[in-house]
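Read through the structure below, which is laid out as structure tokens, and then see the notes.
Only this structure's heavy atoms are used, side chains among them; waters, hydrogens and symmetry mates stay out.
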Amino acid sequence: MISLTFPDGSARDFKPGVTGREVAESIAKSLAKKAVAVALDGQVRDLAEPIKADAKIRILTREDPEALALIRHDAAHVMAEAVQELYPGTQVTIGPVIENGFYYDFARDEPFTPDDLPVIEAKMAEIIARDSPFTCEVVDRKAAKKLFADKGETFKLELIDAIPAGDEIRIYSQREWLDLCRGPHMTSTGKVGKGFKLLKIAGAYWRGDSTKPMLQRIYGTAWASEEDLKAYLHQLEEAEKRDHRRLGREMDLFHFQEEAPGAVFWHAKGWALFTALIGYMRRRQQAWGYVEVNSPDMMDKALWVQSGHWEKFGDLMYVTETPDERIYACKPMNCPGHVQIFKHGLKSYRDLPLRIAEFGKVHRYEPSGALHGLLRVRHFTQDDAHIFTTEDQITEECVKLNEQMLSIYRDFGFEDVRIKFSDRPAKRVGSDEVWDKAEAALKRAVEAAGLSYELNPGEGAFYGPKLEYVLRDAIGRDWQCGTIQVDLNLPGRLGAFFIAPDGEKTVPVMIHRAMFGSLERFTGILIEHYAGHLPLWLAPVQAVVATIVSDADVYAEEVLAALQAAGLRAEADLRNEKINYKVREHSLAKVPVLLVVGKREAEEKTVSVRRLGSQAQQVVTLDEAIRMLAAEAVPPDLRQAAKTKPA
RNA sequence: GCCGGCUUAGCUCAGAUGGUAGAGCGGCUGAUUUGUAAUCAGUAGGUCGGGGGUUCGAGCCCUCCAGCCGGCACCA
């Protein structure tokens, strides 16, 4: 007998080979009817699967959180059946569950069009209404291959070949339609329910490999109920409203145009935000002992050959030939320039660690399909720095960097930060011994900082391993921003050295680091994170003085002058418009503070303060308003300094 | 770069089956002096992304190119 333990702690003995369905039936008929799968020691399995050993058991219904993945996976199978029924000759490949939904990749000569989606959805609804049971059969490799070979499913044959010897090969069927699948599935197609929708069609390479054929992927979403689906679709709409490209236009921050793909035209307001970020980072770096430099935008090809960039990224660099027939490349990175600055003048071990920072604009010919608003551009500014250290100093520097990194993100409200550790890639420079050393050093640093991290194998830079900082924004999306890279290769390649205590020329270690990463990208992320409602210190226009009647014009100018004298970025709106109109317009432009002045305010030297996102009005004296706003507009780093200093 | 889609006025979008362009908002002008998310009236804006082709005739059809959008691949 085997012993199954239930969630309430009670245990009962069953015959080995008992199925989840039988267990559920033994508890209650109603439960058996609702059951869709079973969890054994937390592992979700088919309800019909024989249970062979002792386990903690939970009978899962559609309402359990674990069932969501089943609903989505089943929906993927249902979609695949629908597609093959509607479009004979289409091959199925893979169809996994993803965050919030599922997809299935198909091989078909004809492209799917958006018009096909409702047709497929309707067919899916039919299949779901049929409520065909999902059945699972374990088959041997040969039989499986024959089965799919007969159906002309060549992609499935490749998948079978990729299954390790010894693993069982399962075929799931719903009526006569079947698929190679490791499962688990619910009991029948009807359990998918009505909370699904197909969202988009996309191309996707077979096995994620750009040398392999391109398949057609259909993305869908599925939920336990129609209400959940509706809520999710609503959430997508809300996310669309924060799209930085849309807000960038509405807030008059920047634009793009055809003549400069992947290059930002920053408008005055966007640039105010951009420079506020640089100013902030500059102050923080100064406090941390960095020197700020500026290196050339173009340098001779020879230098890029020497650094190794030419070989690895030469076809992605902007290259120019001058009348004297020299070839120059726009810098895709700042590091070689910083090494030149390091090399200028003999350096002693006493100079280390030497922290060289630059807000350098780099140029990379990114693949056209990668461009995406501010988030992926071809010309961008990094808050880049290179720390030249001895090997002994790596750990200490990295621990400091980590603290700085987290403190920066905190100032923008990013509290949830994950770290990825990327080790040596296939294409790299330097010996394995040097890589061993670099990875070990970086790992020591992560551990010394007490960080947990996830391994990202093979994703390091060509010259060294890296840590990547991933921020979770206000609506739960992840953004990779900062990076720390330990480089034991480039300084040597570029001929950098310092004089060690023993008088020997020694090659320094270079730590590359960026915190915002790309300023353009970080600006885009902030716009989306804040949904355009930037905190006062970042808002391009911090306050607008809006008049109700023209009699208040003179006073409004006085208010504006007072705001500007207090260092606030402010504008006055004296137009001959109703106050409703002005409130609406400035609210849409995401101006954080509106100071409304009418006859009353002019007479009493007050202002009516209205905050973005609130209908409340607060009438205060002009002096009070200025004091309040000036205090609020202090950047977070200076705010802390002001607090610790006695008043 | 690859697959698919899209590109009409500053913005958002209409323009069956080919018969040389429309609306709302915005702009401008005027009236209105207004109390917290759109005051009214008048008026001016377009070589329909670019090139080539089919046709008596192309915003609509074909073709090449560019840009953008959604993915995939890439991301020093």
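Between A:E121 atom CD and A:M79 atom CE the span is 10.5 Å, to the nearest 0.5 Å. Here CD of A:E158 is found 12.5 Å from CD of A:E153. Values are rounded to the nearest 0.5 Å.
A ring pair (Phe, Tyr, Trp, His ring centres under 6.0 Å) with A:F112 holds for exactly one of A:Y219, A:Y87, A:Y104; it is A:Y87. Between A:V593 and the options A:V544, A:L536, A:L612, a side-chain contact (heavy atoms from CB on, under 4.5 Å) holds for only A:L536.
Among the heavy atoms of the strands lying under 4.0 Å from A:P332 is at least one base atom, whether or not backbone atoms are also near. Contact annotation for A:A370: base contact, defined as any heavy-atom pair under 4.0 Å involving a base atom. At a threshold of 4.0 angstrom between heavy atoms, the contacts of A:Y103 with the nucleic acid are absent. Counting any heavy atom pair closer than 4.0 Å across all strands shown, A:Q485 reaches sugar-phosphate atoms only and no base atom. Residue-level contact check: A:E259 touches neither bases nor backbone, having no heavy atom under 4.0 Å from any strand. Among the heavy atoms of the strands lying under 4.0 Å from A:I579 are primed sugar atoms or P, OP1, OP2 only; no base atom is included. Nucleic acid contact class of A:R364 (heavy atoms, under 4.0 Å, all strands): base. As judged by a 4.0 angstrom heavy-atom cut-off over every strand, A:L594 is placed among residues making no nucleic acid contact. Contacts of A:G308 with the nucleic acid, taken as non-hydrogen atoms under 4.0 Å apart, are absent. Within 4.0 Å of A:K466, counting heavy atoms only, lie sugar-phosphate atoms of the nucleic acid but no base atom. Contacts of A:L199 with the nucleic acid, taken as non-hydrogen atoms under 4.0 Å apart, are absent. Base engagement by A:S608 is indicated by at least one non-hydrogen atom pair under 4.0 Å involving a base atom. When heavy atoms are screened at a 4.0 angstrom cut-off, A:R428 is found touching no nucleic acid atom at all.
With hydrogens and angles left out, the side chain of A:E585 and the base of B:rG26 share no donor-acceptor pair within 3.5 Å. On a pure distance criterion of 3.5 Å, a polar donor-acceptor pair joins the side chain of A:R376 and the base of B:rC74. Below the 3.5 angstrom threshold, one finds a donor paired with an acceptor across the side chain of A:R610 and the base of B:rA37.
Considering only the side chain of A:K200, B:rG70 comes nearest among B:rG70, B:rG67, B:rG35. Nearest to the side chain of A:A202, among B:rG70, B:rG1, B:rA37, sits B:rG70. Comparing B:rG26, B:rU36, B:rG71 by their closest approach to the side chain of A:Q617 singles out B:rU36. The side chain of A:S550 lies closest to B:rU33, out of B:rG35, B:rU33, B:rC68. Out of B:rA37, B:rC2, B:rA73, the shortest distance to the side chain of A:P367 is found at B:rA73. Listed candidates were B:rA37, B:rC69, B:rC11. Nearest to the side chain of A:L588 is B:rA37. Nearest nucleotide to the side chain of A:Y205, out of B:rG1, B:rG70, B:rG67: B:rG1.
Across the C1' atoms, B:rG24 and B:rC60 are found 24 Å apart, a figure rounded to whole Å. Using atom P as the reference point in both B:rG53 and B:rA16, the two lie 26 Å apart (nearest Å).
Side-chain N/O atoms of A:H372 include one lying less than 4.0 angstrom from OP1 or OP2 on B:rG70.
Remark: B:rG35 base-pairs with no nucleotide in the shown strands. Criterion, Watson-Crick or G-U wobble with two distances under 3.5 Å. Using N1 to N3 plus N6-O4 or O6-N4 for Watson-Crick, or N1-O2 and O6-N3 for G-U wobble, each under 3.5 Å, B:rC40 pairs with B:rG30. Pairing partner, B:rA73: none, since no Watson-Crick or wobble contact has both distances short of 3.5 Å.
Whole-Å rounding puts the A:R378 CZ to B:rA66 P distance at 11 Å.
With a 6.0 Å radius and a threshold of 12 heavy atoms from other residues, nucleotides or ligands, A:E454 has its CD atom above the threshold.
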